[in-house]
Structures are given as structure tokens and as C-alpha cells.
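Only one structure is covered here, and it is reproduced in the block below.
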Amino acid sequence: MSLVQKSPEVFLAEGPIAAVGQAEINTLKAAVKASPKRRARINAHPDGDDSLHEMIIAIDASSYIRPHKHPGKSEAFHIVEGEVDIVVFNDDGEIERVVELGPPGGTRPFYYRMSNAFFHTLIIRSDLLIVHEITNGPFRPGASVFADFAPEDSDTAKAAAYQADLVRRVAALQDAAA
């Protein structure tokens with residue numbers, strides 16, 4: 001399979017059949033290291049207008065993903081490598097649920113689907129996370145809603161402080177549940 005690099009973070013799988021193996025995962029791992037946002041993906045769908053979007057995404061543990069939601073869309077993850085906590089919030093920023101995911105064969109579930117639009121973010125629990133993400137298209141820039149309760153990713157100091165506090169809050173919830 002041939003990959004076309006569309007940006008520092010985005011590759012497109014060319015052709016009507018996409019197959020991802022270790023060579024493509026290695027390409028993503030190298031791209032993550034060079035990416036300013038510390039993440040990269042392979043789009044298996046041909047373009048943003050496709051009705052089904054499938055991506056293989058690599059995300060470094062240091063990457064901040066501002067809490068957001070996708071009105072009118074579903075989202076599913078299948079873990080390929082690594083561990084993640086998906087933090088789901090109410091509209092006021094209170095944690096509603098933490099979905100702990102890991103690779104197949106481990107103690108954590110390896111798949112989740114969110115069928116409603118909830119604010120959510122990721123806490124990467126391994127050095128690197130690789131997921132197969134599926135969502136419905138089409139992609140429309142600006143359609144995602146970002147949470148007012150969390151800083152923009154361009155404010156790196158506030159984003160780092162928010163992420164550190166969120167990790168602490170999630171750990172307290174997990175300790176209380178144990």
C-alpha cells in the first residue's frame with residue numbers, strides 16, 4: 001500500500017483497498033516524533049466527504065487533546081497498541097465516566113463506542129497510543145465543539161496545567177473506585 005503525506009500529521013492510504021501493517025505503524029511512529037502536536041494518522045477513507053471515516057492514529061503521551069464533542073456523530077476506538085483513559089465530561093466539565101482501554105489480551109477492554117455527543121478527551125497511559133478510530137463523515141472543519149472549561153491547545157502552559165490536574169482528578173476517581 002502506498003501512503004501520501006498530506007501534512008506533517010496526516011497520511012492518506014491510496015487506492016480502493018487499505019491494508020495497514022508494521023511498516024505503516026513505523027511510519028506513524030516516526031511522524032509522531034516530528035509532529036508539533038505529537039500525533040499522526042493514516043486516513044483509510046479517500047476524502048473528507050466519505051460517509052465512513054477510518055483512521056489509524058498514533059498519539060504520544062505528551063499530546064494534549066482539548067476536550068471536545070462531535071454533534072451528530074458516533075466515535076469508536078479499537079486499541080492497536082498502548083493504553084488510554086477516555087475521560088467523558090458533562091457540559092460543565094465534571095467527569096461523568098472514565099473508559100479504560102488497552103490492547104487485546106490485557107485486563108482492560110480494547111474497544112469502545114460513543115454513540116452520543118459528549119465532551120471527551122484522552123489521557124495516554126503508555127509512551128505511545130495507536131488506535132483504529134471509526135466515525136461517520138463527512139468531515140466539516142469547525143463542526144467539533146470544544147469545551148469552554150478547558151484551555152485551547154495553543155496555550156501550552158495552561159493546557160499542561162489542565163492536563164496535569166485532570167490526571168490527578170482521574171487518579172482520585174480510580175483510587176476511590178478500587
Side-chain angles (χ1 to χ4, degrees), residues 1-70 73-88 98-114 120-144 146 150 152-154 156 159-160 163 166-167 170:
M1 178 181 72
S2 176
L3 294 177
V4 176
Q5 190 164 7
K6 297 293 192 178
S7 76
E9 296 179 355
V10 179
F11 295 84
L12 176 63
E14 275 196 317
I17 298 174
V20 175
Q22 195 58 51
E24 291 77 20
I25 296 296
N26 291 343
T27 297
L28 281 181
K29 287 179 177 181
V32 163
K33 291 177 184 174
S35 164
K37 291 186 177 183
R38 308 293 286 167
R39 53 188 183 245
R41 72 176 186 265
I42 297 170
N43 289 349
H45 53 282
D47 59 55
D49 289 328
D50 198 74
S51 62
L52 179 65
H53 288 215
E54 292 194 66
M55 298 150 283
I56 304 296
I57 306 171
I59 310 168
D60 185 89
S62 66
S63 184
Y64 169 68
I65 299 171
R66 185 178 180 191
H68 61 285
K69 61 182 171 181
H70 312 284
K73 294 187 179 261
S74 297
E75 173 181 286
F77 278 3
H78 169 238
I79 303 299
V80 176
E81 183 179 312
E83 291 188 343
V84 63
D85 290 344
I86 300 168
V87 185
V88 181
V98 178
V99 181
E100 300 175 0
L101 299 176
T107 59
R108 293 173 162 222
F110 62 87
Y111 172 85
Y112 104 111
R113 176 187 163 110
M114 183 171 14
H120 61 284
T121 191
L122 308 178
I123 298 175
I124 312 299
R125 296 297 190 181
S126 50
D127 292 338
L128 185 71
L129 176 70
I130 300 177
V131 300
H132 172 211
E133 180 179 335
I134 305 163
T135 190
N136 46 311
F139 172 73
R140 297 292 176 245
S144 292
F146 290 93
E152 294 184 23
D153 56 3
S154 60
T156 55
Q163 187 78 359
L166 181 61
V167 168
V170 168

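In what follows, every heavy atom counts, from backbone to side chain, and hydrogens, waters and symmetry copies are set aside. Position 1 is the first residue of the sequence, and the numbers go up from there.
Residue D85 is tested with L166, I123, L122 for a side-chain contact (heavy atoms from CB on, under 4.5 Å); the sole match is I123.
Using a 4.5 Å cut-off on side-chain heavy atoms (C-beta onward), E14 and P46 make no contact. Two residues are said to be in side-chain contact when any heavy atoms from C-beta on lie closer than 4.5 Å; I56 and V131 fail this criterion. Between F11 and K6, the closest side-chain pair of non-hydrogen atoms is not below 4.5 Å. In this structure the side chain of I57 never reaches within 4.5 angstrom of the side chain of I130, judged on heavy atoms. Between D127 and D60, every side-chain heavy-atom pair lies at or beyond the 4.5 Å cut-off. Inter-residue side-chain proximity for P103 and F110 is flagged as unmet; no heavy-atom pair is nearer than 4.5 Å.
Remark: the backbone N or O of K37 is paired with a side-chain donor or acceptor of S63 at under 3.5 angstrom. In this structure, R41 contributes its side chain and L28 its backbone to no donor-acceptor pair below 3.5 Å. When atom types are taken as modelled, the side chain of R125 and the backbone of G102 share no donor-acceptor pair closer than 3.5 angstrom. Using a distance-only test at 3.5 Å, with no hydrogens or angles considered, a donor-acceptor pair links the side chain of K73 to the main chain of N136. Between the side chain of D47 and the main chain of D50, a donor-acceptor pair closer than 3.5 Å is present. No side-chain donor-acceptor contact under 3.5 Å links R39 to the backbone of I59.
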Start with the C-alpha gap between H68 and S144, add the side-chain angles, then the distance that decides, and say whether side chain to side chain donor-acceptor pair (under 3.5 Å) holds. CA-CA 7 Å; H68 61 285; S144 292; 5.8 Å; no
F77 and H132: CA distance, side-chain angles, deciding distance, ring pair (Phe, Tyr, Trp, His ring centres under 6.0 Å) verdict: CA-CA 6 Å; F77 278 3; H132 172 211; 9.7 Å; no
Checking V87 against V170 for the side chain to side chain contact (heavy atoms under 4.5 Å, CB included) test, could you report, in this order, the C-alpha distance in whole Å, the side-chain angles of both residues, the deciding distance, and whether it holds? CA-CA 8 Å; V87 185; V170 168; 3.8 Å; yes
Would H120 and E75 satisfy side chain to side chain donor-acceptor pair (under 3.5 Å), going step by step from the backbone distance to the final call? CA-CA 11 Å; H120 61 284; E75 173 181 286; 3.2 Å; yes
Mind running side chain to side chain contact (heavy atoms under 4.5 Å, CB included) on N43 and V10 for me, showing each step along the way? CA-CA 7 Å; N43 289 349; V10 179; 3.7 Å; yes
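One distance of note links CG of L101 with OH of Y112; it measures 8.0 Å at 0.5 Å rounding. Here CZ of R113 is found 9.0 Å from OG1 of T135. Values are rounded to the nearest 0.5 Å. To the nearest 0.5 Å, atom CD1 of residue I42 and atom CD of residue E54 are 12.5 Å apart. Note: L128 CG to E83 CD = 13.0 Å, rounded to the nearest 0.5 Å.
Heavy atoms only, all atoms of each residue included: Y64 and A150 are closest at OH-CB, 3.6 Å. A pairwise comparison of heavy atoms in A44 and A13 identifies CA-CB, 4.3 Å as the closest pair. Nearest heavy-atom pair across L12 and H45 is CD1-O, 3.2 Å.
Note: F139 and H53 fail the aromatic proximity criterion, with ring centroids not under 6.0 Å apart.
Side-chain contact check for S35 and E9: at least one donor-acceptor pair (N or O, by modelled atom type) lies under 3.5 Å. Side-chain contact, R66 with T121: no donor N or O sits under 3.5 Å from an acceptor N or O.
Annotation: L52, atom CG; neighbour count of heavy atoms from other residues, nucleotides and ligands within 6.0 Å is above 12.
For Q5, the side chain to side chain donor-acceptor pair (under 3.5 Å) criterion is met by no residue, not counting sequence neighbours.
Under a 4.0 Å N-O distance rule, the pair K29/E81 qualifies as a salt bridge.
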